[in-house]
Amino acid sequence: MNEEKSETLKEIKRSFRLFMDGATSSSMRKKGLNYKINWGIPLPSLRKISKGYGKNFDLAIELWKEPIRECKIMATYIMPAERMSRELVDVWMEAVDNQELAELIAFNLLKNLSFAPSLAYEYIASEKKMLQICGYQLLAALFADGKEPNERGINEFLDQVQTALKSGEMGIKHSAYNCVCRFCELGDIYEQVAIKALSEFDLL
């Protein structure tokens, strides 16, 4: 990392002190969000800080390396989607170890990738909890943007949702349910298909 990038990173980390919220940070820890360092800064404030740096590949890479909640979230805001290769996605996802980060990387960054749909279906079929949560959040974001799945995608999605809702993982069940809600918002036909496929769960 060159001197200019190093100074920018230091500047960002110093700015966190102005927005820190100890009560929020403590609350997150109690809920299991155990970042190594967590300033408890609200997401709207992080978005505002991020806008000052625009899209910046090199800075996003350096931010993601930091064991700091706010740095990782900022990285998802400023990483240019067109520079995010599949290999880099795999590297970043190795560091995603809590539900907040899994949801934010999906919504802020992964939904903008050209291969977002195939990534989402791969993740919801994963045996790893965080990948599943990320996958459902990613699909929910795509559905919310009006991206309609084909018949094969619908069947695969609803099959995985059935499995998720039968699991004992509340985080996965919650993510799957929210995703079904976004799926139903695509239109009456989609809602009827979901109701029929998931009738045993009495969700809708």
Side-chain angles (χ1 to χ4, degrees), residues 31 33 42-51 54-55 60 64 69 72-86 88-89 92-93 96 98-126 128-165 167 169-199 201-204:
K31 293 175 181 176
L33 296 179
L43 296 180
S45 297
L46 285 175
R47 279 196 297 270
K48 185 176 180 180
I49 296 170
S50 299
K51 284 181 179 178
K55 295 295 183 181
W64 189 260
R69 169 184 176 265
K72 290 196 182 300
I73 293 174
M74 271 192 69
T76 70
Y77 286 128
I78 70 173
M79 170 59 79
E82 65 275 11
R83 299 285 303 276
M84 197 73 178
S85 67
R86 177 54 205 264
L88 188 54
V89 170
W92 279 34
M93 289 305 297
V96 175
N98 67 72
Q99 186 163 343
E100 180 189 43
L101 197 54
E103 292 176 349
L104 288 175
I105 192 172
F107 187 78
N108 296 341
L109 178 58
L110 301 185
K111 74 171 185 178
N112 299 315
L113 304 180
S114 61
F115 52 93
S118 61
L119 192 67
Y121 284 106
E122 177 186 326
Y123 282 1
I124 65 173
S126 171
K128 296 181 179 179
K129 177 181 177 180
M130 289 308 150
L131 288 185
Q132 286 190 54
I133 289 173
C134 183
Y136 283 116
Q137 176 66 28
L138 180 49
L139 268 183
L142 294 173
F143 294 155
D145 286 344
K147 306 287 176 58
E148 299 181 17
N150 58 26
E151 184 177 354
R152 179 181 175 183
I154 291 171
N155 292 333
E156 184 177 346
F157 166 62
L158 293 174
D159 283 348
Q160 292 298 338
V161 168
Q162 289 177 348
T163 300
L165 294 176
S167 78
E169 288 285 355
M170 288 306 297
I172 294 174
K173 292 168 75 171
H174 179 73
S175 297
Y177 173 74
N178 284 342
C179 193
V180 170
C181 291
R182 299 290 83 76
F183 176 82
C184 291
E185 290 173 1
L186 287 170
D188 292 341
I189 294 176
Y190 293 94
E191 183 175 358
Q192 292 305 314
V193 169
I195 290 173
K196 182 177 180 180
L198 305 173
S199 58
F201 302 101
D202 194 26
L203 295 175
L204 305 167

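Every heavy atom of this structure was used, including side-chain atoms; hydrogens, water molecules and symmetry mates were not. Computed from a prediction, not measured in an experiment: that's the story for all the values here.
In this structure, the separation between CG on Asn112 and CD on Glu82 is 9.5 Å, given to the nearest 0.5 Å. Rounding to the nearest 0.5 Å places CZ of Arg83 at 13.5 Å from CG of Leu113. Summarising the geometry, atom CG belonging to Leu88 is positioned 5.0 Å from atom CE belonging to Met79; distances are rounded to the nearest 0.5 Å. From Cys134, atom SG reaches atom CG of Leu139 across 10.0 Å, with rounding to the nearest 0.5 Å. From Ile172, atom CD1 reaches atom CD1 of Ile124 across 11.5 Å, with rounding to the nearest 0.5 Å. The CZ atom of Arg182 lies 9.0 Å from the OH atom of Tyr177; values are rounded to the nearest 0.5 Å.
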Could you please spell out the steps behind the side chain to side chain contact (heavy atoms under 4.5 Å, CB included) verdict for Val161 and Cys179? CA-CA 9 Å; Val161 168; Cys179 193; 5.8 Å; no
Test side chain to side chain contact (heavy atoms under 4.5 Å, CB included) applied to Phe183 and Glu191, step by step: CA-CA 7 Å; Phe183 176 82; Glu191 183 175 358; over 6 Å; no
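Gln132 places a side-chain N or O within 3.5 Å of a backbone atom of Ser126 that can act as its donor or acceptor partner. Panel note: side chain Gln162, backbone Ala197; a donor-acceptor pair is recorded below 3.5 Å. A donor-acceptor pair under 3.5 Å links the side-chain atoms of Lys55 to the main chain of Tyr77, judged by distance alone. At distances below 3.5 Å, not a single donor-acceptor pair connects side-chain atoms of Lys111 with backbone N or O atoms of Leu142. With hydrogens and angles disregarded, a donor-acceptor distance shorter than 3.5 Å links the side chain of Asn98 to the backbone of Glu100.
Other residues, nucleotides and ligands contribute more than 12 heavy atoms inside 6.0 Å of the CG atom of Leu43. Atom CZ of Arg86 has more than 12 neighbouring heavy atoms from other residues, nucleotides or ligands inside a 6.0 Å radius. In the displayed structure, Asn150 atom CG is contacted under 6.0 Å by more than 12 heavy atoms of other residues, nucleotides or ligands.
Side-chain contact annotation: Glu103 with Gln99, donor-acceptor N/O pair under 3.5 Å present. At a cut-off of 3.5 Å, with distance as the only test, a side-chain donor of Glu148 or Tyr190 sits close to an acceptor on the other residue.
The shortest side-chain heavy-atom distance between Leu109 and Trp92 falls under the 4.5 Å cut-off. You'll find the side chain of Gln137 stays beyond 4.5 Å of the side chain of Ser175, heavy atoms only. Looking at heavy atoms from C-beta onward, Leu138 lies out of side-chain contact with Phe107 at the 4.5 angstrom threshold. Using a 4.5 Å cut-off on side-chain heavy atoms (C-beta onward), Arg69 and Leu46 make contact. Trp64 is listed as a side-chain neighbour of Ile105, based on a closest heavy-atom distance under 4.5 Å. In this structure, Leu186 and Pro149 have side chains that are in contact, with non-hydrogen atoms separated by less than 4.5 Å. Counting heavy atoms from C-beta outward, Met93 and Tyr123 have side chains that approach closer than 4.5 Å. Using a 4.5 Å cut-off on side-chain heavy atoms (C-beta onward), Leu158 and Ile154 make contact.
Of all non-hydrogen atoms in Ala102 and Ile133, the two that sit nearest each other are CB-CG2, 4.1 Å.
If you look at Phe157 and Phe143, their ring centroids are closer than 6.0 Å.
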